[in-house]
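Throughout, numbering of the chain's residues begins at 1 and tracks the sequence. All figures in this text were calculated on a predicted structure; none of them were measured in a lab.
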Amino acid sequence: MNPQLIARYNIAPRIGRRINDRWLLDATPTVLVIAMDAENKWETAEKRTAERDALQGAIREEVQWQGADIGQDELDFLVRIRVWGSNKYELANFSDDELIPQIRIIAERKHGTLPETWNQDIRNHLQEARKDHLDIKVPLGRMRLGDPKVELAELLWPVLLAKCEQELTEGTIITPVLKVVQEVRELVARLSGSGYSLPVPNGWQDDPS
C-alpha cells in the first residue's frame, strides 16, 4: 500500500468551478485517517510529521494539477495521523486485567492445565512489556504461546466493545481506539452536510497560461 498514491488519487479534492473566493467540489471530499502503532515510520513525532508532509504534498500537487490550490488548514483537515501512545495496540487499549483472561484461554487451548503461577507470570511479562514499550508478541513468546495475535484480537473484540459502550454511556472516553472512532464519526457528520467547498488561498494567482 502506498499512502501517497491514496492521498493523491483518493483524498485530493476534485475541483469544480470557482465562485468568487471558493472552488466548488465535484465530489464530497474524503479524509485520510491513519491510526498506527508508534513504530517504524510512525515511531516519533518527527517521523510522523515527515509522513504527513509527504501526504499533504501529494494532495497539493494533485490540486495544483487541476488548476487550483489548497491551503494548509484544509490539508490538516484532510490528513490525520494518530498513534495509540507510547505502547502498541493491545497494551495501549487494554489493561492487564482485561488481557490476562483472554491470553489464558489461548494458553489453555495450547498447553492444557497451567501452573498455579501462570497468571502472575504473564502479568509480570506484560508489565515489563509496558515499561519497555514492547510488542505484545514478546510476552506471548516468553509464555511459549507463539504469535497468536489474530486469535487474541478475536477474543478481545467483545471486551473492547463492552468497554467502549461503557465509556460512551459514562461520557468519559479514555480508550485510544475509541478516541479515533469518535473523531471519524465527527468527520463523517461534518462531511455529510451539503455545500462543502475549498477556499482560494490568500495571494493565489490563476496561471495565465
Under 3.5 Å side-chain donor-acceptor pair for Gln56 and Asp76
yes
Between Glu98 and Gln102, does any side-chain donor sit less than 3.5 Å from a side-chain acceptor?
no
For a quick test of reading the model, state the closest non-hydrogen atom pair linking Leu91 to Ala129 and the distance between them.
CD1-CB, 3.8 Å
How many angstroms lie between atom CG of Asn10 and atom CG of Leu32, to the nearest 0.5 angstrom?
9.0 Å
Closest heavy-atom pair, Asn93 versus Thr175, reported as atoms and distance to 0.1 Å, is OD1-CG2, 3.3 Å
Taken to the nearest 0.5 Å, the spacing of Ile6 CD1 from Ile59 CD1 works out to 11.0 Å
Give a yes-or-no answer on whether the side chains of Arg185 and Gln182 include a donor-acceptor pair shorter than 3.5 Å.
yes
Testing the basics here: between Phe77 and Arg190, what is the closest heavy-atom pair and its distance to 0.1 Å?
CE1-NH1, 3.3 Å
Quick one about Asn124 and Gln120 (side-chain donor to acceptor, distance below 3.5 Å, no hydrogens or angles considered), yes or no?
yes
Check the hydrophobic clustering (I, L, V, M, F, W, Y; side-chain heavy atoms under 4.5 Å; chains of links allowed) and say if Val138 and Ile136 are grouped together.
no
What's the verdict on salt bridge (Lys or Arg N to Asp or Glu O under 4.0 Å) for Lys110 and Glu151, showing C-alpha distance, side-chain angles and the deciding distance?
CA-CA 12 Å; Lys110 186 175 181 66; Glu151 185 179 5; over 6 Å; no
Quick one: do Glu90 and Lys149 satisfy side-chain contact (heavy atoms from CB on, under 4.5 Å)? Show the steps, please.
CA-CA 9 Å; Glu90 293 88 355; Lys149 292 188 70 173; 3.1 Å; yes
Yes or no on salt bridge (Lys or Arg N to Asp or Glu O under 4.0 Å) for Lys179 and Glu183, after CA distance, side-chain angles and deciding distance?
CA-CA 6 Å; Lys179 292 181 179 179; Glu183 180 181 3; over 6 Å; no
Kindly compute the distance separating OG1 (Thr172) from CD (Gln166), expressed to the nearest 0.5 Å.
9.5 Å
Output the distance between atom CZ (Arg8) and atom CD (Glu61), rounded to the nearest 0.5 Å.
5.0 Å
Sub-4.5 Å side-chain heavy-atom contact between Ile100 and Trp118
yes
Flag yes if Ile174 and Leu160 sit in one hydrophobic cluster, no otherwise; membership is Ile, Leu, Val, Met, Phe, Trp, Tyr, and two members link when side-chain heavy atoms are under 4.5 Å apart.
no
I'd like to know if Asp121 and Arg142 make a salt bridge, using a cut-off of under 4.0 Å between side-chain N and carboxylate O.
no
My understanding is that only residues two or more places apart in sequence, or in another chain, count here; which of them pass side-chain hydrogen bond (donor to acceptor under 3.5 Å, both in side chains) with Trp84?
Asp37
Report the distance from atom CH2 of Trp23 to atom CZ of Arg17, rounding to the nearest 0.5 Å.
14.5 Å
Separation between CG (Asp96) and CG (Leu126), nearest 0.5 Å, reads 5.0 Å
Are the side chain of Gln64 and the backbone of Asp69 linked by a donor-acceptor contact shorter than 3.5 Å?
no
Please name the pair of heavy atoms, one in Glu51 and one in Trp42, separated by the smallest distance, quoted to 0.1 Å.
CB-CZ3, 3.6 Å
Looking at Leu78 and Pro29, what are the two nearest heavy atoms and their distance?
CD2-CB, 4.3 Å
Over all heavy atoms of both residues, which pair between Glu62 and Ala12 is shortest? Give the atoms and the distance, please.
CG-CB, 3.5 Å
Please step through salt bridge (Lys or Arg N to Asp or Glu O under 4.0 Å) for the pair Arg48 and Glu43, ending with a clear verdict.
CA-CA 7 Å; Arg48 293 192 291 273; Glu43 182 178 8; over 6 Å; no
Test question: given the 4.5 Å side-chain rule for I, L, V, M, F, W and Y, name all other residues clustered with Val181, or answer none.
Leu168, Ile173, Leu178
Hey, any chance Ile105 and Met143 share a hydrophobic cluster, counting ILVMFWY side chains that come within less than 4.5 Å of each other, even indirectly?
yes
Is Leu134 reachable from Ile103 through a run of hydrophobic residues whose side-chain heavy atoms are each under 4.5 Å from the next?
no
Please report the C-alpha distance between Asn87 and Arg130 in whole Å, then the side-chain angles of each, then the deciding distance to 0.1 Å, and finally whether the side chain to side chain donor-acceptor pair (under 3.5 Å) criterion is met.
CA-CA 7 Å; Asn87 280 313; Arg130 289 185 190 279; over 6 Å; no
Group every Ile, Leu, Val, Met, Phe, Trp and Tyr by side-chain heavy-atom contacts under 4.5 Å, then state whether Leu5 and Trp65 land in the same group.
no
